[in-house]
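Below, chains carry the letters A, B, ... as their sequence lines are ordered, and counting in each starts from 1.
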Amino acid sequence: MSAVMNIGLGSKVWNFPGGLKLNGHKQMSAGSAIETAAIPRQLILPLAQHIGAPAKPLVEVGDYVYRGQTIAAPDGYVSMPIHASSSGTVVAIEARPVPHPSGLTAECIVIETDGKDAPLPTPELQAHPDYRQLDPSHLRNLVRQAGVVGLGGAAFPSFIKLNPGPGAQVDALILNGAECEPYITCDQVLMREQADDIVKGAQLIMHAVQAPQCLIGVEDNKPESIQALEQAIARLDDARIKVVVVPTRYPQGGEKQLVQALTGREVPSEGLPLDIGIVCHNVGTAATVWRAVTQGQPLISRVMTITGGAVRQPRNFEVRIGTPVSELLAQAGGTHSEPARLIMGGPMMGFALSSTEVPVVKATNCILATSQQEIAPPEAAMPCIRCGECATVCPAGLLPQQLYWHARARDFDKTQDYKLFDCIECGCCAQVCPSHIPLVQYYRYAKTEIWEAEREKRKSNQARERHEFRQERLEREEAEKQARLAAKKAAIKKDDDKAQAPDPVAEAIARAKQRKAEQQVAADAQPMDKPKAAKVDNVDDLIAQAKAKAAAKKAASAKKEDAVEAAPVDDPVAAAIARAKAKAAAKKANQPAEDKPAEAKPADKAAADDPVAAAIAKAKARAAEKKAAQAGADDKPAGEKADEENDPVAAAIARARAQAAARKQEKGE
Amino acid sequence: MRLSSPHLPVQPTVPQVMRRVLLGLIPGIGVMTLFFGVGVLVNIAIAVLTALLAESIMLKLRGRELGRFLTDWTAVVTAALLAIGLPPLAPWWLPAIGAFFALVFGKHLYGGLGYNPFNPAMIGYVVLLIAFPTQMTLWPTPLGVGEGAPSVQAVLTAAFGGSLDSFGGIDALTGATPLDHVKTQLGLAMTVSEAQQGRMFGLFAGQGWEWLSLAFLAGGLYLLFTKTIRWQIPAGVLGGLALISGLFWLGDADRFASPLFHLTSGSAIVGAFFIATDPVTASTTPRGRLLFGAGIGILTWIIRTWGGYPDAIAFAVLLMNMAAPTIDELTQPRVYGHKSGRKRRED
């Protein structure tokens with residue numbers, strides 16, 4: 001309690017700048033209780049339902065799977081497993097349309113359900129009713145194995161946010177129940193009907209991150225939810241947890257805005273809430289975490305809203321992950337008319353779906369089937385008249401009119417001067433623009449272009465490095481060849497012009513050596529931007545950096561809808577680059593070791609009869625030795641994949657990667 | 001084409017904003033007509049027609065969509081703002097030439113709506129002021145001064161080229177404006193209070209002019225309350241003008257007119273609420289707008305006091321238009337999660 005007093009959070013609600021009062025349209029779907037949606041004939045489970053690397057399938061076509069069975073395993077630290085949402089037979093592992101603004105296809109595991117909904121004979125996850133006995137790292141593992149991601153829409157792997165890292169001080173856990181987007185009510189009804197699970201989840205997370213208090217932020221348009229939460233807190237008699245009622249104003253539920261409203265603190269640019277002592281989770285995530293740990297339930301279903309003017313019976317469903325949207329529309333009584341636009345997510349930040357055959361994924365909080373009057377008609381924009389209304393409503397304090405101006409002119413440096421990457425894409429600016437300019441689209445375009453340019457730069461850097469390595473190798477080989485020849489010559493004509501032969505050879509060797517030294521210096525000079533990884537040696541660090549960058553990029557592009565085109569292409573490329581780099585490093589490490597015996601022989605031979613050749617040989621041997629030593633060190637990271645949770649080096653890398661990835665995740669409702 | 005988020009219908013439109021500005025002008029135009037005669041309306045009609053014609057021709061030449069841009073009301077607003085600055089006994093070609101220059105040179109040659117760096121109405125106004133100084137300064141005497149507002153016949157005769165002899169000649173119908181008068185009298189080494197004697201002056205400024213300013217103020221407040229404009233620019237203009245005129249007036253009340261006189265004379269109010277607030281050419285950051293407005297206020301006073309022209313809003317606005325991009329650059333607000341608003345590129 002004393003900590004609570006000291007911090008004094010939760011006693012006051014701060015303001016965030018800008019924002020909009022929007023018509024909520026929440027009564028449409030919030031009226032009835034959560035209904036359980038029927039299990040569909042076919043479940044389509046994309047391998048990438050989270051920020052981070054797609055999962056790797058563990059099953060094959062034809063396999064029978066049980067409900068809750070892990071059918072795909074995480075591939076890397078920022079990655080999550082996928083579980084079968086019901087029992088049945090795997091009928092395909094192939095590219096299917098997935099929920100994505102561009103209408104992309106991606107690898108999915110398709111299960112033909114058998115209607116039995118048979119659970120695993122022996123559950124993979126054990127129930128741990130008394131989680132307080134578990135240490136935080138064990139808790140995190142359980143949450144990871146259960147495949148829990150942020151259910152607010154960003155789908156960031158939750159276990160990472162349960163790991164504040166050594167030395168981090170958490171002042172408060174914030175549960176995000178603001179749900180500021182119009183139409184969406186899944187959190188509202190969840191708080192109303194399952195408040196106990198949410199509060200227990202809060203207790204569990206507080207235990208995991210060692211938070212002294214928890215603030216649950218709820219907008220004041222949800223009085224029933226607020227009441228239910230307060231009753232649950234009273235039942236559980238936990239004075240550390242407090243419901244904080246915040247004004248209904250979009251984007252109140254944006255992570256940064258909610259943190260600001262509840263604590264008066266701002267998440268630093270490119271930073272995490274953790275940097276200011278805050279851990280933030282969605283209310284639905286908290287309930288899911290609690291069930292995962294205490295009941296051993298993997299994330300195979302979620303509560304989501306199906307609403308909009310075109311839907312006959314808007315409501316909230318408990319839906320199995322992987323259920324096609326078309327099935328849900330049918331279960332909501334069908335549609336009055338062809339939806340004017342089918343949107344996944346809310347009307348402010350969601351994206352239009354091109355097909356009803358895409359599945360509900362872990363991040364899906366709403367399916368919005370709109371009537372004609374509910375959406376902006378497709379129209380041509382007028383020129384910007386610089387009225388500045390966009391700047392008035394921007395919750396980030398940006399100047400959207402300037403960002404637009406420079407994005408349009410492709411002056412991307414300038415967009416970064418105007419802090420493009422602090423844009424959370426909430427859409428307030430576009431919502432008040434009298435010229436009806438699709439502003440957010442311009443910002444996504446600019447971000448994508450900047451990422452693209454950065455990737456190009458990295459790629460060409462790598463190509464140059466590779467070229468230089470090759471050049472160096474060729475030169476060295478040439479020098480060695482000449483040395484061998486010279487040695488041979490010297491051996492044959494012992495007494496003839498001794499001075500002639502060594503000269504060019506020595507020079508060549510000196511050149512090669514000098515180059516190598518320069519390279520070494522360059523490598524040493526590489527900045528280490530992650531202090532936690534500082535102990536790791538150079539090559540490790542580089543690999544970690546490359547991987548972290550790749551992961552971060554992937555995370556970012558997976559979230560940013562318009563990074564679309566880039567994302568799927570980007571990911572394998574970045575990964576391939578990282579792999580190539582690691583391989584190159586490994587090769588470099590191995591090569592000298594292989595070379596050594598070959599070059600040692602003639603050198604030894606020469607040493608017997610010629611002092612000059614002997615000197616050369618000695619120098620060479622020394623160089624080789626040095627390289628071999630290096631090789632020993634280099635081998636490690638490229639060689640085997642360490643267990644991230646146990647190995648301190650790998651853990652550091654992983655943390656760095658996770659942090660970078662998390663940094664890009666801006667809206668973690 | 002907007003298919004990405006946000007998906008909700010957007011309320012305000014550019015034509016709506018422009019129509020609100022026109023609505024806000026109605027009280028001012030009404031009072032002006034009352035005091036200065038129907039010449040005001042004739043000027044507006046001629047300017048609007050010319051502006052629409054010029055806009056159509058330019059849109060056509062530039063290959064732009066006629067329907068969408070001609071109906072956006074921006075040309076009408078420009079023409080109206082120009083016309084209310086013209087003397088209501090002007091020959092017909094004065095508003096016509098002004099509107100033509102405003103639309104063609106002030107707007108379309110820069111790329112049309114949204115791309116003009118200078119306030120088009122003020123471009124038109126300044127062209128007229130420099131090219132036709134005589135016609136531009138022949139203001140009719142307002143109601144309650146001299147002959148009073150000119151009759152409809154007198155206005156039409158003046159506008160379309162007849163002889164004004166039957167009305168007693170142009171000199172009988174016109175007189176110096178209060179700003180003009182004070183400037184001339186101060187030049188003759190009179191004190192401000194001496195200069196402000198006579199029927200030309202009303203309660204606190206020029207007879208008629210003060211009511212005109214109040215009417216425009218009412219329209220301006222309507223724009224503020226409907227959030228068509230934000231408070232920073234008007235506050236900046238009026239604050240800047242009041243501040244500098246107040247300082248000098250406090251220093252020497254005989255040689256410098258009072259802030260109240262400055263605020264309610266000439267086009268200070270209409271300039272603060274309707275002209276300086278043209279969004280395209282003004283600064284767009286909150287602090288920048290305050291600075292932009294203050295600059296206009298201060299320049300207006302300087303030109304009024306020491307310059308060659310009695311009123312100065314037009315010049316002040318154009319000068320500050322030039323400074324607007326720099327002001328914007330230097331007054332970026334602090335962004336969430338950053339320590340200061342100053343721009344800093346990371347690499």
Taking every non-hydrogen atom, the tightest pair across B:Pro6 and A:Gly427: CG-O, 3.4 Å

Where on [X] is there a heavy atom nearer than 4.5 Å to chain B: the side chain, the backbone, both, or neither?
X        : result
A:Cys384 : backbone
A:Leu399 : side chain
A:Gln401 : side chain
A:Cys433 : backbone
A:Pro17  : neither
A:Thr392 : side chain
A:Ile385 : both
A:Gln402 : side chain

Verdict with reasoning, B:His7 to A:Met349, per side-chain contact (heavy atoms from CB on, under 4.5 Å): CA-CA 8 Å; B:His7 302 278; A:Met349 290 187 75; over 6 Å; no

Which one of [options] has the most heavy-atom pairs closer than 4.5 Å to chain B?
options                                : answer
A:Val432, A:Ile375, A:Thr370           : A:Ile375
A:Gly346, A:Gly388, A:Gly345, A:Cys387 : A:Cys387
A:Gly397, A:Pro347, A:Pro268, A:Cys429 : A:Pro347

Presence of salt bridge, [Y] and [X], under 4.0 angstrom:
X        : Y        : answer
A:Arg386 : B:Asp328 : yes
B:Lys339 : A:Glu266 : no
A:Glu379 : B:Arg68  : no

Closest-packed option against chain A by number of heavy-atom pairs under 4.5 Å, given B:Arg230, B:Gln11, B:Gln16, B:Glu65: B:Arg230

Among the listed options B:Val17, B:Thr277, B:Leu113, the residue most often paired with chain A at heavy-atom distances under 4.5 Å: B:Leu113

side-chain contact (heavy atoms from CB on, under 4.5 Å) evaluation trace for B:Thr284 with A:Trp405: CA-CA 12 Å; B:Thr284 70; A:Trp405 186 268; over 6 Å; no

Interatomic spacing from OH in A:Tyr442 to OG in B:Ser4 - rounded to 0.5 Å: 11.0 Å

B:Leu8 vs A:Pro182 side-chain heavy atoms within contact, under 4.5 Å: yes

Heavy-atom side-chain contact between A:Leu398 and B:Tyr336 under 4.5 Å: no

Test item: A:Gln431 side-chain N/O and B:Pro9 main-chain N/O as donor-acceptor pair under 3.5 Å: yes

From CA spacing to verdict: side-chain contact (heavy atoms from CB on, under 4.5 Å), A:Arg444, B:Ser5: CA-CA 11 Å; A:Arg444 289 189 189 126; B:Ser5 66; 2.8 Å; yes

Greater than 12 external heavy atoms within 6.0 Å of B:Phe100's CZ: no

Qualifying residue for side chain to side chain contact (heavy atoms under 4.5 Å, CB included) with A:Pro434, from B:Thr13, B:Val14, B:Val10: B:Val14

